[in-house]
Amino acid sequence: MSSHSQSFSRCSSRSRGSYPEVKCYHGEIAPLRCVKHNGPTMGKKFSGCAYWPKTRGFFKWADYPDDICELQMLVFEKDTKIAELEMEKDLLQDKVKELKGQNVYLQDQVEELGIENTKTLLAIYSARTDRKLIVALALSWVFFCICVLHVLKKLCRLFLLSVVIWLGCGNMVRL
C-alpha cells in the first residue's frame, strides 16, 4: 500500500482549475490527484475515491469528459432541437392551412372570373351574331327585291310582247 501512496499525490484544491468536481460512489467529492511515478501517465490528473486507499472502486481521469454529464447535455440539446423542430413543424402546418385557404379562395375567384369572362364572350358573340343576322337579313331583302324586279322586268317584257303579238294578230285579222 505504501508504494501506491508514494505514486500518487493530492493536488491542491486551487490546482483543480477547469476540472469539475467529481463525486465518488460514496457521494463524497473525489479529490483530484496527480500521478507521480515515472511512465506515460506521469503528471496526469485523476479523481479517485475520497476513502482511497481503503477503497479503490472509483477512478476517473480528469481530462476525460464526464460521460453522464456529457450524455445529459447531448440529451438536453437533442430535446431542445426536437422542441424547436416541433414548433417549426406547427408553424409550417399553420402556414400550409393558410395557403390551402388562400388556394380555395383564389380558385373561387378564378371560377367567378371564368364565368364572368364566359358571359362577356357570349354577349360579344351574341352582339356580333345579331349584327351579322341583321346584315344577312338586309342583304337577303335586297337580293329578293332584285329578283322580284328581274322577274317583273321579264313579266313586263312578256306582257308587252303578248300585247304586241295580240295587237299584231288583230291587225292581221282585220286586214
Side-chain angles (χ1 to χ4, degrees), residues 4 7-37 39-146:
H4 284 291
S7 300
F8 305 107
S9 70
R10 244 178 217 238
C11 295
S12 67
S13 60
R14 290 187 195 118
S15 68
R16 188 169 279 279
S18 64
Y19 300 110
E21 285 188 347
V22 179
K23 294 190 176 189
C24 70
Y25 299 134
H26 298 98
E28 302 286 329
I29 294 175
L32 190 62
R33 303 173 195 272
C34 296
V35 177
K36 289 234 174 186
H37 66 70
T41 58
M42 184 173 175
K44 199 167 181 181
K45 296 181 180 184
F46 67 95
S47 295
C49 183
Y51 297 108
W52 183 83
K54 292 179 186 173
T55 53
R56 297 183 187 174
F58 181 79
F59 175 88
K60 182 174 180 327
W61 289 113
D63 57 353
Y64 284 178
D66 185 8
D67 294 339
I68 292 172
C69 289
E70 189 175 298
L71 289 175
Q72 287 174 337
M73 182 54 81
L74 283 173
V75 167
F76 175 74
E77 289 172 358
K78 297 297 180 189
D79 285 345
T80 304
K81 185 68 175 178
I82 288 170
E84 289 172 356
L85 289 172
E86 285 176 346
M87 286 176 52
E88 188 177 342
K89 180 190 88 166
D90 291 342
L91 289 173
L92 289 173
Q93 285 176 336
D94 291 344
K95 186 70 174 175
V96 166
K97 286 179 186 176
E98 179 184 333
L99 290 173
K100 282 183 179 178
Q102 287 179 358
N103 187 22
V104 168
Y105 172 75
L106 291 173
Q107 284 178 345
D108 291 344
Q109 291 294 320
V110 166
E111 187 175 322
E112 287 178 25
L113 288 174
I115 290 171
E116 291 294 322
N117 192 20
T118 302
K119 287 178 182 176
T120 305
L121 286 174
L122 285 174
I124 291 170
Y125 235 20
S126 178
R128 284 182 185 168
T129 304
D130 289 348
R131 273 191 245 128
K132 286 179 182 178
L133 286 173
I134 290 170
V135 168
L137 183 63
L139 289 175
S140 67
W141 273 103
V142 169
F143 181 72
F144 176 73
C145 289
I146 290 171

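The residues of the chain are indexed from 1 along the displayed sequence. Quick note: numbers below take in every heavy atom, side chains included, and nothing from hydrogens, waters or symmetry partners. A quick note: this is a predicted structure, and the numbers were derived from the prediction, not measured.
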List the atom of [X], the atom of [Y], and the distance in Å for their closest heavy-atom pair.
X     : Y     : value
Lys36 : Met42 : O-CE, 3.8 Å
Ala50 : Cys24 : N-SG, 3.9 Å
Ala30 : Phe58 : CB-CE2, 3.8 Å

For Phe144, which residues count as a ring-ring contact (aromatic ring centres under 6.0 Å, His included) partner, sequence neighbours excluded? Trp141
Using the rule given for side-chain contact (heavy atoms from CB on, under 4.5 Å), can you reason through Thr41 versus Trp61, listing the C-alpha separation, both sets of side-chain angles and the distance that settles it, and then say yes or no? CA-CA 10 Å; Thr41 58; Trp61 289 113; 3.9 Å; yes
Separation of [Y] [atom2] from [X] [atom1] (nearest 0.5 Å):
X      : Y      : atom1 : atom2 : result
Met87  : Leu92  : CE    : CG    : 11.5 Å
Leu85  : Thr80  : CG    : OG1   : 11.0 Å
Lys81  : Leu74  : NZ    : CG    : 14.5 Å
Asp79  : Phe76  : CG    : CZ    : 8.0 Å
Arg33  : Lys45  : CZ    : NZ    : 14.0 Å
Asp130 : Leu137 : CG    : CG    : 12.0 Å

Between Cys145 and Val142, does a side-chain contact (heavy atoms from CB on, under 4.5 Å) hold up when you go through it step by step? CA-CA 5 Å; Cys145 289; Val142 169; 5.8 Å; no
Side chains of Val104 and Lys100: closer than 4.5 Å at any heavy-atom pair? no
I want to check something: taking the side chain as every heavy atom from C-beta on, are Gln93 and Asp90 in contact at a cut-off of under 4.5 Å? yes
Going through the distances and angles, do Val135 and Leu139 end up as a side-chain contact (heavy atoms from CB on, under 4.5 Å)? CA-CA 6 Å; Val135 168; Leu139 289 175; 3.9 Å; yes
Please test Leu91 against Lys95 for side-chain contact (heavy atoms from CB on, under 4.5 Å), starting from the C-alpha separation and ending with a verdict. CA-CA 6 Å; Leu91 289 173; Lys95 186 70 174 175; over 6 Å; no
Could you tell me whether Glu98 atom CD has more than 12 heavy atoms of other residues or ligands within 6.0 Å of it? yes
